[in-house]
Amino acid sequence: MVGMIPTGFKALPLPILQLSLAAVLRCGQSFRWSIFQLQESESQASLPPQAGAPTVQPTHEYRLCLRDRVVCLRQSSDTLFYRSVYPDPQPTITQLPLREAETLAWLNDYFQLDVNLLKLYEQWAARDKVFAKFQDRFGGIRMLRQDPWENLISFICSSNNNISRITKMVQGLCKQYSSPLLSLPNPNSPTEETLYYPFPAPSVLAQPDVGTMLRTLGFGYRAEFIQRTAKMLVDEHGTATKLDDPSEESERWLMALRNKSTTEAREELLKFIGVRRKVADCILLMSLDKNEVIPVDTHVHQIAMKHYGMKGASGGKSNMTPKLYDELSSKLVGIWGDYAGWAHTVLFTADLKSFSNYGLSTPGTPPSLPGTPSPKKRSRASQVTSQDDVTPITPIAPSTVKRKISILAEEVSGLSLPPDTLPEAVSLADRVKRRRRITRTDSSPLP
DNA sequence: GATTAACCTGTA
DNA sequence: ACAGGTTAAT
């Protein structure tokens, strides 16, 4: 667990308007990223020298524990810095290039870098004046492509809950039910170390005593939902693993819902305990490639009433009936189109209280932590100043990533990446399919 | 089928 | 009271 070789960061050119880690990793899509604030000196030191114009240097490091490695990220205004750390035994010098290529492929898949976010913002702004008004202050907000199993459990936790608490619950669950993959010094004080836990497999959470244990961990009534859903999943779809792939059969079954229609996939998700329309739609959007799906919650309802003049109960709260849910959802899809779910997340994030001090005038500056006191609501329109000198919009170059992947792959064996080497990374087939879809979307103008 | 109370726990 | 709802009972 100790003594992994510290690997330096690699640089990937990426405009912050294509991806803002500070926004995306904290807006309630994923709840498992560790976030470290960097000290001034540190943020400059460990990074490759920047040629040319001065750029805003990283202020934070973000870390996520995958099944077989920890991915560490930092970001400047035009570059994503990444490195992966492996558990012992360390990869040999000969297998390292493949591992690094896998990490890059994972980044490309997880952040959906083949999707040109600037194009999408353009299209949404053209269709919708409300979006046009918000867009400048909330750039770089995109949909992650998460693991469906983790996503399912995380969003069962989300009912009647807030981001801060969901985060604690999910991390507590990983600590309780996974063995630490490795330990890593904190970016600031290398004397302190943090253990990194992967997300536990379905068969682990399906054990009968899990409900009770999660109760003691503060999950409340969601504790039994999780255990029962895990049990249903493994009973119905199996726990078998493959020789070179530690993922369980039921996880792969969930993953395969990506290939089904929105309606079919939703139908399957609704069978689980603790999953109704809203949670199902979150999973469809965030891990099953259903980009048009809009999860309608009370918050979205507020936004819809405030900015789009949609009906709601007089004054205060109203119950979200299935009928009202469908009305709101289809109305918003009508406004935003194919990638409506992505647009919804931009507005949702823009409206999050903890992001009220987030803006593009300071690209690297993250919002205050969830739960951290933040400025009371103020006139949004009044805050749209002081962001004139934002970096000129540079089109994303997906080819950069693809080229790097293939170069790295060739270094290894002269062949393309084996499909299932890294279960959490995209398989080769998946990547090819994805590329096609994006290409079609990008090239087809909106009606 | 549509409505409604109860649900765990933390924070405003 | 409310938090990015859901279950179980009318």
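Hydrogens, waters and symmetry mates are skipped; everything else that's a heavy atom, side chains included, is used. Below, read A as the first sequence line, B as the second, and so on, with proteins coming before strands; counting in each chain starts at 1.
Among C:dT6, B:dT9, C:dG4, the nucleotide with an atom closest to any side-chain atom of A:Arg276 is C:dT6.
Of the residues in residues 216-224 of chain A, those with a non-hydrogen atom less than 4.0 angstrom from any atom of DNA chain B are A:Gly218, A:Gly220, A:Tyr221, A:Arg222. Contacts with DNA chain B (heavy atom under 4.0 Å) in residues 226-237 of chain A: none are found.
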Between the protein and nucleotides 3-6 of chain B, which nitrogen or oxygen pairs come in under 3.5 angstrom?
none

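A straight line from CE of A:Met286 to P of C:dG4 spans 13 Å, rounded to a whole angstrom. Between the CD1 atom of A:Ile163 and the P atom of B:dA12 there is a distance of 14 Å, given to the nearest Å. Taking atom CZ of A:Arg277 as the reference point, atom P of B:dG1 lies 17 Å away to the nearest angstrom. Rounded to whole angstrom, the span from the CG atom of A:Asn162 across to the C1' atom of C:dA1 amounts to 14 Å. Rounded to an integer number of Å, the gap from CE of A:Met320 to P of C:dA3 is 12 Å. We find that CG of A:Asn161 is positioned 11 Å from P of B:dT11, with the value rounded to whole Å. Protein atom NE2 of A:His299 is 10 Å distant from nucleotide atom P of C:dG5, rounded to whole Å. Here the C1' atom of nucleotide C:dA3 and the CE atom of A:Met169 are 12 Å apart, to the nearest Å.
If you check every strand for non-hydrogen atoms under 4.0 Å, A:Phe155 touches nothing. Among the atoms of the strands shown, only primed sugar atoms or phosphate atoms (P, OP1, OP2) are found under 4.0 Å from some heavy atom of A:Gly274. In this structure, A:Ile166 reaches neither bases nor backbone, as no heavy-atom distance under 4.0 Å exists between it and the strands shown. Contacts of A:Cys157 with the nucleic acid, taken as non-hydrogen atoms under 4.0 Å apart, are absent. No engagement by A:Val300 is indicated, since no non-hydrogen atom pair under 4.0 Å with the nucleic acid exists. Within the 4.0 angstrom heavy-atom criterion, only backbone atoms of the sugar-phosphate kind lie near A:Val275; the bases stay farther away.
Remark: the separation of the P atoms in B:dC8 and C:dA9 is 14 Å, to the nearest Å. Taking the C1' atom of each, C:dA1 and B:dA6 are spaced 16 Å apart, rounded to whole Å. B:dT3 and C:dG4: their C1' atoms are spaced 22 Å apart (whole Å).
Taking A:Lys129 as the reference, nothing meets the salt bridge (Lys or Arg N to Asp or Glu O under 4.0 Å) condition, with sequence neighbours excluded. A:Thr262 meets the side-chain hydrogen bond (donor to acceptor under 3.5 Å, both in side chains) test with A:Glu292; sequence neighbours excluded. Not counting sequence neighbours, the partners of A:Glu268 by the salt bridge (Lys or Arg N to Asp or Glu O under 4.0 Å) test are A:Lys271. Residues satisfying the salt bridge (Lys or Arg N to Asp or Glu O under 4.0 Å) criterion with A:Lys231, sequence neighbours excluded, are A:Asp235. Residues forming a side-chain hydrogen bond (donor to acceptor under 3.5 Å, both in side chains) with A:Ser203 (at least two apart in sequence, or on another chain): A:Glu248. Annotation: ring pair (Phe, Tyr, Trp, His ring centres under 6.0 Å) contacts of A:Tyr121 (sequence neighbours excluded): A:Trp124, A:Phe131.
Identified under the salt bridge (charged side-chain N to carboxylate O under 4.0 Å, His left out) test for residues 340-350 of chain A, with sequence neighbours left out: none. Within the structure, the side chain to side chain donor-acceptor pair (under 3.5 Å) test picks out the following pairs touching residues 206-218 of chain A (sequence neighbours left out): A:Arg215-A:Glu224.
Side-chain atoms of A:Lys278 stay outside donor-acceptor range of the base of C:dG5, with no qualifying N/O pair under 3.5 Å.
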Dot-bracket for DNA chain B, 5' to 3', counting Watson-Crick or G-U wobble pairs under 3.5 Å, with [ ] for crossing pairs and | for inter-strand pairs? .||||||.|||.

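Aromatic ring pairs are classed by plane angle as parallel below 30°, tilted from 30° to 60° and perpendicular above 60°; the pair A:Tyr339 and A:Trp342 is perpendicular. A tilted orientation is assigned to the rings of A:Trp33 and A:Phe111, their planes being inclined by 30° to 60°. Using the six-membered ring where Trp is involved, A:Trp149 and A:Phe199 have ring planes that are perpendicular, over 60° apart on the 30 and 60° scheme.
The closest donor-acceptor contact from the side chain of A:Arg222 to the backbone of A:Ser159 lies under 3.5 Å. A distance-only check finds no donor-acceptor pair linking the side chain of A:Arg67 to the backbone of A:Pro198 [under 3.5 Å].
Side chains of A:Gln57 and A:Arg74: no donor on one and acceptor on the other come within 3.5 Å.
Cation-pi geometry between A:Arg63 and A:Phe36 is satisfied (NZ or CZ under 6.0 Å from the ring centre, within 45° of the ring normal).
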